[in-house]
Structure formats: structure tokens, C-alpha cells
Engineer: 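Here's a structure for you.
Quick note on labels: first sequence line is chain A, next is B, and so on, each numbered from 1.
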There are 2 protein chains.
Amino acid sequence: MKEKKKRSNCPVSCSLDIWGDKWSLLIVRDLMFSKQCTYGDFLKSEEKIATNILASRLQTLEENRIITKSDHPDSKAKVLYKLTQKGIDLLPIMIEINLWAEKYFTIPADQKAILKEVKKDKETFIKTAKNDLKKMI
Amino acid sequence: MKEKKKRSNCPVSCSLDIWGDKWSLLIVRDLMFSKQCTYGDFLKSEEKIATNILASRLQTLEENRIITKSDHPDSKAKVLYKLTQKGIDLLPIMIEINLWAEKYFTIPADQKAILKEVKKDKETFIKTAKNDLKKMI
DNA sequence: TATTTTTGCTTGCAAATTGCAAGTTCAAAG
DNA sequence: CTTTGAACTTGCAATTTGCAAGCAAAAATA
């Protein structure tokens with residue numbers, strides 16, 4: 001496990017050291033939507049991540065205990081990736097990103113529908129969603 | 001202004017297209033703390049951003065209307081950078097990043113003190129902080 | 001049982017980005 | 001008029017990205 005040097009002790013800087021790139025939070029997003037994904041599932045996402053980048057990001061996220069690998073119940077050839085508690089705790093950040101983006105971009109209708117639910121009662125939405133994800137650990 | 005192609009219409013992806021890197025949110029962080037910064041102020045930050053990277057990020061953030069350049073009242077040689085409303089609206093994301101980091105990293109005492117205030121009443125903290133920033137526009 | 005397909009990667013390589021150091025330009029101070 | 005300061009720009013090596021192809025093990029198919 002290669003320990004990368006922190007740029008500073010600033011909470012924002014420390015966070016970005018781990019997932020501050022164009023791809024990591026998309027992996028986390030997929031896991032928040034799907035609860036668990038295979039390597040192939042990530043590749044199916046709209047943004048078309050390259051296989052080597054995916055492997056690299058999954059490794060970094062695993063090293064930093066944001067995600068875990070586990071055996072797929074159906075097949076030894078498949079691997080299941082899941083969020084850890086640390087990964088689940090990124091949910092509030094993910095939600096605020098969505099709310100910000102909703103204000104400044106045109107986003108898909110189905111996403112808007114979810115955000116409508118979020119805005120009704122953010123606290124409850126997060127609590128429920130976190131619990132749902134926790135069940136999968 | 002070079003229009004970069006969006007990877008998808010996903011709100012998270014669109015957001016990361018703009019500020020999904022190791023430096024952009026540190027610039028935003030500095031502006032949230034200091035309200036307004038000069039080029040030199042950014043360079044003084046602990047993380048030691050390179051001058052060319054700083055110039056490049058400032059340009060991208062300006063192109064995407066997260067920040068604006070304005071004249072410094074004291075000198076024509078200086079430039080003031082400020083957050084726009086779009087930039088100010090990143091505050092909830094910034095706060096959630098801080099709260100997440102506080103849970104999983106050891107962070108400086110002064111930062112912890114601020115987060116204690118945040119946790120007392122998040123809504124009010126954000127509203128007040130946003131108003132303070134808005135005054136500077 | 002033999003062969004093909006699926007799955008999760010790894011490898012090679014060109015292109016783009018980053019990071020460091022050293023300019024450059026214009027305003028302001030001495 | 002010379003020096004300093006502020007905001008960049010430039011050059012270049014090192015790292016990272018992105019695309020395509022390859023590969024080994026497991027599973028499905030013939």
C-alpha cells in the first residue's frame with residue numbers, strides 16, 4: 001500500500017488527496033445508486049471510464065477504506081464492490097453536489113425527481129439512504 | 001473560452017468536469033475563508049500550488065463563473081478574486097467535506113472549533129456564512 | 001470433455017497534464 | 001531612474017491519462 005504524502009492537514013486538502021479527481025466520486029455515485037457493483041458494472045456507466053483508470057481508482061478507494069471487495073455469491077469470476085461506512089458517509093457530500101448541480105445545470109428528469117424528495121426533508125432522506133446502504137455492508 | 005465536452009448529463013459528472021481535481025476546491029476554500037484573495041494570497045496557502053497550475057485553475061473557475069476577477073482598490077498591479085453566487089453556493093459541499101474529513105482524519109484544532117459551530121446549527125451557519133460572502137460580491 | 005465466452009484485470013504506448021524553475025511585463029515604491 | 005512586487009507565461013522533465021490490445025481464470029456452451 002503506497003502511502004501518498006498529504007499536502008497539508010486541511011480537511012479539504014486531505015479529502016481531495018483521496019478522491020479529488022474526475023473519476024473517484026463517479027465510482028462512489030454508482031455504488032450509492034446500485035448498492036453493489038461489479039467491475040463490469042462500473043464500465044457500463046455513461047462516462048466510459050478506461051479499464052486501467054478504473055482499476056487504479058478502485059485500488060486507491062480500497063486502500064483508503066472507502067470501498068471493499070467481496071466475493072460474488074453467484075460466481076468466483078465476479079467481484080463485488082461495496083461502500084464501507086466511510087464511503088457511505090460521503091452521501092451528504094454527494095447530495096450537496098447534486099443540489100448544486102441542479103441549480104446550475106440542466107439535469108435529467110429522473111435525477112430531478114429524486115432531488116425533489118431530498119428537498120422535502122433532507123435529514124430524513126439521508127438517514128434512510130444511509131440505512132439502506134448500511135444493510136449491504 | 002474553450003468549451004470542454006461534458007462526459008454525461010449526470011449532475012455529479014458535470015460538477016466534476018469543472019472542479020473535479022486536486023486544486024480547484026482549495027482555491028474556493030481560500031475564497032470562502034478570506035472573502036477575497038490576490039494571486040499571491042493563493043500562492044501563500046499551505047499546499048503550495050504551482051504558479052502555472054494556479055493560473056490555469058483560476059481561468060477555468062472564471063470561465064465557469066465560479067469566481068470573478070476585479071480591480072484591487074489599492075493598486076492596479078493587484079487583482080482581486082472573489083466568489084460569484086455560483087461559487088458561494090458551493091459552501092454546503094465544502095461544509096460536508098469538512099464534516100466528513102473531521103470524522104476520518106485528524107484535523108487542526110482551529111478547524112475543529114469552526115465545525116463545532118457548524119454542528120450546533122448547520123442551517124443557520126450556512127445562511128450566515130453565505131450572507132457574509134454575498135456582501136463581498 | 002473441449003471450446004468459446006465472460007470477467008477482471010494488466011500492459012504498451014502516445015497524448016495530455018502536472019510540477020518545478022526561470023523568465024517577462026507592468027505598476028509602484030524608493 | 002532603478003529596484004521591488006505582483007501576476008502571470010514559458011520551457012521542459014516527469015507523471016498521469018486514455019485508448020487498444022492482451023491475458024488468465026472461471027463459467028457457459030457445444
Engineer: Over how many whole Å does the gap from L61(B) atom CG to dC8(D) atom C1' extend?
Structural biologist: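 Distance check: L61(B) CG to dC8(D) C1' gives 16 Å.
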Engineer: To the closest 0.5 Å, what do you measure between CD1 (I95(A)) and CG (L90(A))?
Structural biologist: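 It comes to 11.5 Å.
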Engineer: Distance check, rounded to the nearest 0.5 Å: E62(B) atom CD versus Q59(B) atom CD?
Structural biologist: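 The CD atom of Q59(B) is 8.0 Å from CD of E62(B), to the nearest 0.5 Å.
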Engineer: Report which part of the nucleic acid K69(A) touches: base, sugar-phosphate, or nothing (heavy-atom distance under 4.0 Å, all strands).
Structural biologist: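 If one applies the 4.0 Å heavy-atom cut-off, K69(A) turns out to touch the sugar-phosphate alone, with no base involved.
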Engineer: Under 4.0 Å: is that the gap between some side-chain N or O of W23(A) and OP1 or OP2 of dG18(D)?
Structural biologist: yes
Engineer: Measure from CD on Q59(A) to P on dT11(C) and round the result to the nearest Å.
Structural biologist: 12 Å
Engineer: Is there a donor-acceptor pair under 3.5 Å between the side chain of K86(A) and the backbone N or O of N64(A)?
Structural biologist: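 Side chain of K86(A) to backbone of N64(A): a pair is present.
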Engineer: Roughly how many Å is it from CG in L26(B) to C1' in dG19(C), rounded to a whole number?
Structural biologist: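 Result: 15 Å.
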Engineer: Which residues in residues 31-53 of chain A have a heavy atom closer than 4.0 Å to any atom of DNA chain C?
Structural biologist: T38(A), Y39(A), G40(A), T51(A), N52(A)
Engineer: Within this structure, what is the CG-to-P distance between L80(B) and dC8(D), rounded to whole angstrom?
Structural biologist: 11 Å
Engineer: Roughly how far, to the nearest 0.5 Å, is CD1 of I18(A) from CZ of F105(B)?
Structural biologist: 3.5 Å
Engineer: Base contacts versus sugar-phosphate-only contacts with protein, heavy atoms under 4.0 Å: please encode nucleotides 24-30 of chain D as B, S and - from 5' to 3'.
Structural biologist: --SS---
Engineer: Between atom CG in L54(B) and atom P in dT18(C), what is the gap in whole Å?
Structural biologist: 13 Å
Engineer: Any heavy-atom pair between the side chains of L80(B) and D71(B) that's under 4.5 Å?
Structural biologist: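 Of all side-chain heavy-atom pairs linking L80(B) with D71(B), none is under 4.5 Å.
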Engineer: For atom NZ of K6(B), is the number of surrounding heavy atoms from other residues, nucleotides or ligands below 6.0 Å larger than 12?
Structural biologist: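 Above 12, so yes.
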Engineer: Would the distance check show the side chain of R7(A) and the main-chain N or O of K22(B) forming a donor-acceptor pair, the cut-off being under 3.5 Å?
Structural biologist: yes
Engineer: Could you tell me the separation between the CD1 atom of I27(B) and the P atom of dA7(D), rounded to a whole number of Å?
Structural biologist: 14 Å
Engineer: Can you tell me how far P of dT16(D) sits from CG of D17(A), to the nearest Å?
Structural biologist: 13 Å
Engineer: dT7(C) P sits how many Å from L58(A) CG, rounded?
Structural biologist: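 The answer, rounded to whole Å, is 16 Å.
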Engineer: Ignoring hydrogens and geometry, is there a side-chain-to-backbone donor-acceptor pair from Y39(A) to T51(A) under 3.5 Å?
Structural biologist: yes
Engineer: For W23(B), run the side-chain contact (heavy atoms from CB on, under 4.5 Å) check against I53(B), T60(B), L58(B) and tell me which one passes.
Structural biologist: I53(B)
